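Everything below concerns the one structure shown next.
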Number of protein chains: 2
Amino acid sequence: MTTTIFDVAKQAGVSIGTVSRVINNRDRVSPETRERVLKAIQELDYHANALAQGLANQQTNTLGLVIPQVNDPFFFQIVRGVEDAASTVDYSLLIACQSRPASEHRYLDLFRRKFVDAMVLVAIDVYSHELEQIIERGVPIVMAQQDLGKNIPTFLVDNYRGARQLAEHLMEHSYQRIAFISGTHYTPDSRERLRGLRDVLSEHGLELPARYVVEGDYLRGSGHRAMQQLLELPDRPEAVFAANDQMAIDAIMAIQEAGLKVPDDIAVVGFDDIPMASYLSPPLTTVHQPIYELGWHAAKAALSLIKEESKDNGSMAAPHVMLLPTSLVLRRSCGC
Amino acid sequence: MTTTIFDVAKQAGVSIGTVSRVINNRDRVSPETRERVLKAIQELDYHANALAQGLANQQTNTLGLVIPQVNDPFFFQIVRGVEDAASTVDYSLLIACQSRPASEHRYLDLFRRKFVDAMVLVAIDVYSHELEQIIERGVPIVMAQQDLGKNIPTFLVDNYRGARQLAEHLMEHSYQRIAFISGTHYTPDSRERLRGLRDVLSEHGLELPARYVVEGDYLRGSGHRAMQQLLELPDRPEAVFAANDQMAIDAIMAIQEAGLKVPDDIAVVGFDDIPMASYLSPPLTTVHQPIYELGWHAAKAALSLIKEESKDNGSMAAPHVMLLPTSLVLRRSCGC
DNA sequence: TGGTACAATGTAAACGTTTTTACACTATCC
DNA sequence: GGATAGTGTAAAAACGTTTACATTGTACCA
């Protein structure tokens with residue numbers, strides 16, 4: 001049996017109410033009593049039962065975090081960011097992996113039953129009825145890495161500006177024929193990156209013909225196939241913008257296998273800045289995504305929404321999509 | 001106000017005791033009543049409050065997991081393994097990052113206060129008084145990736161056998177002069193890997209002279225320095241075994257910068273099988289660590305200890321250190 | 001027909017907090 | 001010297017479950 005507030009009260013010769021007041025610095029307690037209670041707490045090595053506190057307070061000081069079950073080192077960074085933010089205000093983290101697609105049911109039920117004070121959902125692509133219920137019940141929700149277009153605070157990496165930065169840099173190298181290896185076509189990330197490239201090109205009076213846009217799937221292998229396709233073109237591109245580093249790496253391999261040189265014959269750039277990028281030969285020019293920061297800010301936002309919620313603030317219009325800035329990482333594969 | 005067991009009871013026209021019995025399949029309940037209760041639960045969209053359940057049951061169906069704050073993709077794999085294992089028995093995960101060294105206090109207090117049913121500690125290197133208290137209180141603890149030498153179930157990757165496998169393979173290539181780039185010298189991992197190499201060498205009548213063992217620190221950069229040192233030797237090694245992939249990569253770069261070829265002039269092998277390893281030129285031969293499995297088994301063990309605990313089992317001696325097998329990943333850097 | 005056995009359900013006491021309410025005691029004022 | 005205000009503390013009512021125990025109802029048997 002663990003020691004409870006009753007034990008402390010008995011030891012200090014006061015009532016449990018007083019002990020509680022001392023612990024939470026609530027009402028006035030005389031210095032002598034406070035002293036006695038603190039001494040008892042120390043002697044008995046008392047630690048308040050968080051379950052009971054949660055029950056009484058209707059607040060658990062716990063943040064729910066959902067991450068996709070994908071094996072992507074990115075997500076670990078997000079977890080770190082979220083955890084760091086949470087721990088600054090003594091919040092803890094309840095984590096659920098989205099094991100199968102469409103298993104939202106499982107973690108939403110979990111979070112509801114365990115009464116997390118707020119939730120951070122990473123890369124969730126469905127807006128379920130359950131989610132709506134939870135929002136209505138007043139539990140703050142923040143999304144990251146995926147925009148559902150709902151009225152939910154959402155933190156995203158600014159793919160469009162990131163792509164523009166990179167494209168602008170390619171312009172500085174004066175490349176004319178630039179190709180794009182896309183991710184799966186329906187993903188917003190890939191589309192935004194393509195849009196960034198396209199806009200910059202057209203601002204420079206260049207265009208992006210359809211044969212220069214090849215669809216990949218973000219995964220290993222697809223960049224290789226896409227690049228082979230590009231190499232077969234009569235007017236093969238001078239530079240290739242891959243929608244992620246993985247495919248950029250593939251592309252470089254395909255180019256080198258074809259007996260050509262990167263960046264001398266064809267420049268290649270990627271997106272993500274995965275650890276591997278700096279080790280390639282040539283090292284890959286890419287766009288760094290602020291993943292840790294994404295987690296940090298999403299968590300901070302969720303936590304501040306908890307406070308506002310309990311203050312029952314008037315609902316002033318607040319920004320609902322926040323784009324985090326990327327940064328350009330210049331290495332050698334672009335021709336630098 | 002969320003719906004409680006009272007609401008369900010009223011709606012179904014029964015007492016809360018009966019509702020609880022239906023939910024938990026406890027005692028006998030007549031089919032008709034059960035039906036009515038289930039209907040009420042569905043109509044009201046009732047979800048039991050896990051805090052209250054935890055308080056009443058003295059059990060939270062929650063597993064505490066501590067991971068180091070290091071930015072290592074490895075740890076995400078462990079988290080996945082643990083989460084998968086936990087979710088098979090409907091356990092959820094409370095995660096704490098070890099933000100600063102010596103912050104055990106924080107997460108142990110957290111887990112104690114939130115009453116996790118068991119804990120998995122990853123790469124924890126101190127055995128604190130608090131930890132001992134928790135163990136005494138009967139909360140099962142399992143460790144992973146670090147052996148404290150205490151009487152605690154511990155899951156490790158079998159560094160010794162992994163190193164031996166790799167060393168045996170180098171023997172097949174008939175290398176005679178083999179060097180070792182160690183990690184920080186006091187880490188058991190590095191020592192075990194060195195021991196594996198040394199043992200295999202001596203079994204083949206070879207020795208490992210002191211000048212062939214250079215200390216690194218596992219981090220980027222140190223392998224480069226170590227390799228330069230080795231290259232300056234009058235009888236430079238034919239093969240280099242780096243204590244991790246990161247340093248192996250460094251070593252390859254140093255060799256190539258010196259105008260030599262891998263594996264023709266010097267073979268290089270690593271340990272870890274990080275994603276990057278397969279992308280190097282030449283692709284790195286290394287030892288794959290079963291990280292996901294490590295998390296999975298550690299969690300399974302912790303969960304089964306919970307059950308035994310509640311059964312109040314007699315304490316029969318059980319294995320306390322479990323070594324998970326590595327696997328050799330042959331690529332080209334070893335000369336294959 | 002009265003007693004027993006048993007199945008089905010209701011009741012109330014835990015579980016360990018917080019918080020509201022009430023009360024006792026001082027000090028202060030006319 | 002009694003009303004008044006201000007402190008410090010105790011007591012009790014939440015919070016939402018589970019579960020041991022009590023109660024009811026029914027069937028069976030002597």
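In what follows, every chain begins at residue 1, and chains take the letters A, B, ... in the order their sequences are listed. Excluded from the calculations below are hydrogen atoms, water molecules and symmetry mates; all remaining heavy atoms, backbone and side chain alike, are included. It should be emphasised that the depicted structure is a prediction, and the values quoted were computed from it without experimental measurement.
- Checking the phosphate oxygens (OP1, OP2) of D:dT18, a side-chain nitrogen or oxygen of B:N24 falls inside 4.0 Å.
- Electrostatic pairing of B:K39 and B:E35 does not count as a salt bridge here, judged by no charged N lying under 4.0 Å from a carboxylate O.
- Between B:N49 atom CG and C:dC15 atom P the separation is 18 Å, expressed in whole Å.
- Of the candidate nucleotides C:dT11, D:dT17, C:dT17, C:dT11 has the atom lying nearest to any side-chain atom of B:S15.
- Nucleic acid contact for B:Y46: sugar-phosphate only, since backbone atoms but no base atoms lie under 4.0 Å from a heavy atom of the residue.
- Closest contact between the side chain of A:L55 and the listed nucleotides C:dT17, D:dG16, D:dT17 involves D:dG16.
- The side chain of A:I5 sits closest to C:dT17 out of C:dC15, C:dT17, D:dT18.
- A:R112 places its CZ atom 13 Å from the P atom of D:dT17, with the value rounded to the nearest Å.
- With C:dG16, D:dT17, D:dG16 as the candidates, the nucleotide lying closest to the side chain of A:Q58 is D:dG16.
- Ring geometry for A:Y292 versus A:W296: interplanar angle under 30°, hence parallel rather than tilted (30 to 60°).
- Here the side chain of A:R21 is nearest to one of C:dG10, D:dT17, C:dT20, namely C:dT20.
- In terms of position along DNA chain C, the nucleotide closest to B:R34 lies nearer the 5' end than the nucleotide closest to the other residue of the pair B:R34 and A:A56.
- In this entry the distance linking NE2 of A:H47 with P of C:dT17 reads 12 Å, nearest Å.
- Side chain of B:T18 to main chain of B:V14: no donor-acceptor pair is present (N/O by atom type, distance under 3.5 Å, no hydrogens or angles).
- The phosphate of C:dT9 has OP1 or OP2 within less than 4.0 Å of a side-chain N or O from B:T33.
- In this structure, the side chain of A:D117 engages the main chain of A:N61 through a donor-acceptor pair within 3.5 Å.
- For the pair A:K10 NZ and D:dA10 P, the interatomic distance rounds to 15 Å; values are reported in whole Å.
- A:A50 comes within 4.0 angstrom of nothing in the nucleic acid, heavy atoms only.
- Summarising the geometry, the separation between CD1 on A:I23 and P on C:dT19 is reported as 12 Å, rounded to the nearest angstrom.
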- Task: Evaluate side chain to side chain donor-acceptor pair (under 3.5 Å) for A:H47 paired with B:R113, printing each intermediate quantity in order.
- Result: CA-CA 6 Å; A:H47 296 265; B:R113 301 205 320 112; 5.9 Å; no
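- Using a 4.0 Å heavy-atom cutoff across all strands shown, B:I16 reaches at least one base atom of the nucleic acid.
- Of the listed nucleotides (C:dT17, C:dG10, D:dT17), C:dG10 has the atom at the smallest distance from the side chain of B:T18.
- Atom CZ in A:R36 sits about 11 Å away from atom C1' in D:dG8, given to the nearest Å.
- If you check D:dT18, C:dT19, C:dT17 against the side chain of A:S20, the one that comes closest is C:dT19.
- Per the geometry, CZ belonging to A:F6 stands 9 Å off P belonging to C:dC15, to the nearest Å.
- Here the side chain of B:N57 is nearest to one of D:dT18, D:dG16, C:dT17, namely D:dT18.
- Between the side chain of B:D7 and the backbone N or O of B:T4 there is at least one donor-acceptor pair closer than 3.5 Å.
- Between the CG atom of A:L51 and the P atom of C:dA14 there is a distance of 20 Å, given to the nearest Å.
- When the side-chain nitrogen and oxygen atoms of B:Q53 are compared with OP1 and OP2 of D:dG16, none of them lie within a distance under 4.0 Å.
- When distances are taken from the side chain of B:S30 to each of C:dA12, D:dA10, C:dA8, the shortest belongs to C:dA8.
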